[in-house]
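Note that this is a predicted model, so its numbers are computed, not measured. Index from 1, following the sequence.
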Amino acid sequence: MGKRVALVLAGCGVFDGSEIHEASAALVHLSRGGAEVKIFAPNIEQRDVVNHLKGSPAEEKRNVLVESARLARGNIQDLAELKASEFDAVIFPGGFGVAKNLCSWAVDGKNCTVNEHVSSTLQAFHSAKKPIGLCCISPVLAAKVFPGCEVTVGQDKNVDGRFPDAETASAVAELGCKHICKNVNESHVDKANKIVTTCAFMCKAPLHEIFDGIGTMVQEVLKLA
């Protein structure tokens with residue numbers, strides 16, 4: 001029997017929702033690993049809507065659950081309905097929606113607040129000693145909710161221009177967590193907390209390297225489940 005994994009989305013589209021390639025990569029690797037996946041998203045209004053063609057704000061409102069349903073092919077549930085007891089692990093893809101909709105990191109940085117259902121989901125899986133997988137910017141959720149944990153968002157210096165958001169590592173450290181430097185095709189396992197992280201699009205890398213890095217994260221999550 002395959003492991004039961006919950007995947008939590010934050011909308012649809014890198015600039016105001018979940019990063020589509022990351023969500024797809026996670027789903028492909030979970031499928032390859034024989035996992036049974038159910039998809040969730042909070043039923044809340046997006047912080048903002050971005051015109052992805054122009055890269056500018058759009059004067060409209062969208063709902064995180066409704067937009068996430070695009071990625072889930074309509075097969076999705078309200079995050080408020082997620083019960084950790086029904087799953088072996090949970091995974092959060094990245095994208096600016098994580099920093100805008102699942103928490104307020106995009107505006108408040110390390111002083112951010114985390115959506116109540118996101119926080120309770122993370123706490124429930126952690127308390128049950130079930131693994132949590134996070135990629136791209138989503139490791140900041142763990143850094144905020146679990147002080148002292150270990151995560152990676154890639155490198156802590158902008159090596160060869162590949163890590164333009166390297167300062168995120170410093171913010172993670174300021175939250176009392178340990179940042180572990182990793183390459184894009186690697187992941188880090190915090191064995192004590194069963195938290196697995198990979199940097200994905202926090203690194204400017206070819207898509208296949210990002211895909212492979214997410215694969216290592218998914219594999220480690222399934223091992224721990």
* Asked: Given Asn183 and Gln155, is the side chain to side chain contact (heavy atoms under 4.5 Å, CB included) satisfied, shown in steps?
  -> CA-CA 7 Å; Asn183 291 321; Gln155 300 290 325; 3.5 Å; yes
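- Between the side chain of His179 and the backbone N or O of Ser170, no donor-acceptor pair lies under 3.5 Å.
- Between Asp165 and Glu167 the shortest side-chain heavy-atom distance falls below 4.5 Å.
- No donor-acceptor pair under 3.5 Å is formed between the side chain of Ser119 and the backbone N or O of Glu116.
- Rounded to the nearest 0.5 Å, atoms CD1 (Ile195) and SG (Cys149) are 4.5 Å apart.
- Within the 3.5 Å criterion, the main-chain N or O of Asp212 finds no donor-acceptor partner in the side chain of Asn185.
- Contact of the Leu175 side chain with the Lys144 side chain is registered, since non-hydrogen atoms from C-beta on lie closer than 4.5 Å.
- One hydrophobic cluster, built from ILVMFWY side chains closer than 4.5 Å, holds both Val37 and Val221.
- Looking at Val14 and Glu22, their side chains never come closer than 4.5 Å, going by heavy atoms from C-beta outward.
- Judged by distance alone, with hydrogens and angles left aside, the side-chain atoms of Asp160 form no donor-acceptor pair with the main-chain N or O of Arg162 at under 3.5 Å.
- Using a distance-only test at 3.5 Å, with no hydrogens or angles considered, no donor-acceptor pair links the side chain of Asp16 to the main chain of Gly97.
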* Decide side chain to side chain contact (heavy atoms under 4.5 Å, CB included) for Leu207 and Phe201; before the verdict, give the C-alpha distance in whole Å, the side-chain angles of both, and the deciding distance to 0.1 Å. => CA-CA 9 Å; Leu207 182 58; Phe201 277 100; 3.8 Å; yes
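- Within the 4.5 Å cutoff, the side chain of Cys12 has heavy atoms near those of the Ile20 side chain.
- With hydrogens and angles ignored, the 3.5 Å screen pairs a side-chain donor or acceptor of Ser120 with a backbone N or O of His117.
- Closest heavy-atom contact between Val184 and Ala200: CG2-O, 3.7 Å.
- Rounded to the nearest 0.5 Å, atoms NZ (Lys223) and NZ (Lys3) are 11.0 Å apart.
- Residues Cys177 and Ala143 approach most closely at SG-O, 3.4 Å, considering heavy atoms.
- Counting heavy atoms from C-beta outward, Thr152 and Ser187 have side chains that stay 4.5 Å or more apart.
- Rounding to the nearest 0.5 Å gives a distance of 9.0 Å between NZ of Lys129 and CG of Asn193.
- No path of Ile, Leu, Val, Met, Phe, Trp and Tyr side chains, each step under 4.5 Å between heavy atoms, connects Val5 with Leu82, placing them in separate hydrophobic clusters.
- Glu59 has its side chain out of reach of Val49: every pair of non-hydrogen atoms, C-beta onward, lies at least 4.5 Å apart.
- The distance from atom CH2 of Trp105 to atom NZ of Lys110, rounded to the nearest 0.5 Å, is 8.0 Å.
- Residues Val114 and Val145 meet the side-chain proximity criterion, which asks for heavy atoms closer than 4.5 Å.
- Taking hydrophobic clusters as Ile, Leu, Val, Met, Phe, Trp and Tyr residues chained together by side-chain heavy-atom distances below 4.5 Å, Leu102 shares a cluster with Met202.
- Tracing side-chain contacts under 4.5 Å through hydrophobic residues (I, L, V, M, F, W, Y), one never reaches Leu27 starting from Phe211; they form parts of separate clusters.
- Judged as a salt bridge (Lys or Arg N to Asp or Glu O under 4.0 Å), the pairs with a partner in residues 81-108 (not counting sequence neighbours) are, in order, Arg4-Asp88, Asp48-Lys100.
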* To do: Check the pair Leu71, Ser18 against side chain to side chain contact (heavy atoms under 4.5 Å, CB included), reporting the backbone distance first and the verdict last.
  => CA-CA 9 Å; Leu71 281 170; Ser18 288; 4.0 Å; yes
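- Closest approach of Asn75 to Ile39, counting heavy atoms only: O-CB, 4.0 Å.
- Open room surrounds CZ on Phe96; 12 or fewer heavy atoms of other groups in view lie less than 6.0 Å from it.
- In terms of heavy atoms, Val64 sits closest to Pro42 at CB-O, 3.5 Å.
- Separation of atoms CD (Glu67) and CG (Leu9) is listed at 11.5 Å; rounding is to 0.5 Å.
- When side chains are defined from C-beta on, His21 does not count as touching Ile210, because their heavy atoms never get closer than 4.5 Å.
- At least one donor-acceptor pair closer than 3.5 Å links the side chain of Ser104 to the backbone N or O of Thr113.
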* To do: Run the numbers on Asn43 and Asn63 for side-chain hydrogen bond (donor to acceptor under 3.5 Å, both in side chains), then give the verdict.
  => CA-CA 7 Å; Asn43 186 11; Asn63 177 280; 2.9 Å; yes
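- Considering all non-hydrogen atoms of both residues, Val153 and Pro139 come closest at CG1-CB, 4.1 Å.
- The backbone N or O of Leu134 lies less than 3.5 Å from no partner atom in the side chain of Thr197, so there is not a single donor-acceptor pair.
- Across all their heavy atoms, Ile214 and Ala25 have their closest contact at CD1-CB, 3.9 Å.
- Between Phe87 and Phe40, the ring planes are perpendicular. Angles over 60° get that label, and only those under 30° would be called parallel.
- In this structure, Ile91 is a member of the same hydrophobic cluster as Leu222, with clusters built from ILVMFWY side-chain heavy atoms closer than 4.5 Å.
- One distance of note links CD of Gln46 with NZ of Lys61; it measures 12.0 Å at 0.5 Å rounding.
- Checked options Glu220, Lys182, Glu150; the residue passing with His188 is Glu150 (criterion: side-chain hydrogen bond (donor to acceptor under 3.5 Å, both in side chains)).
- Using modelled atom types, no side-chain atom of Asp156 and backbone atom of Cys181 make a donor-acceptor pair closer than 3.5 Å.
- For Ser68 (side chain) and Ala41 (main-chain N/O), no donor-acceptor pair under 3.5 Å exists by modelled atom type.
- In Arg47, the CZ atom is crowded: over 12 heavy atoms of neighbouring residues, nucleotides or ligands sit closer than 6.0 Å.
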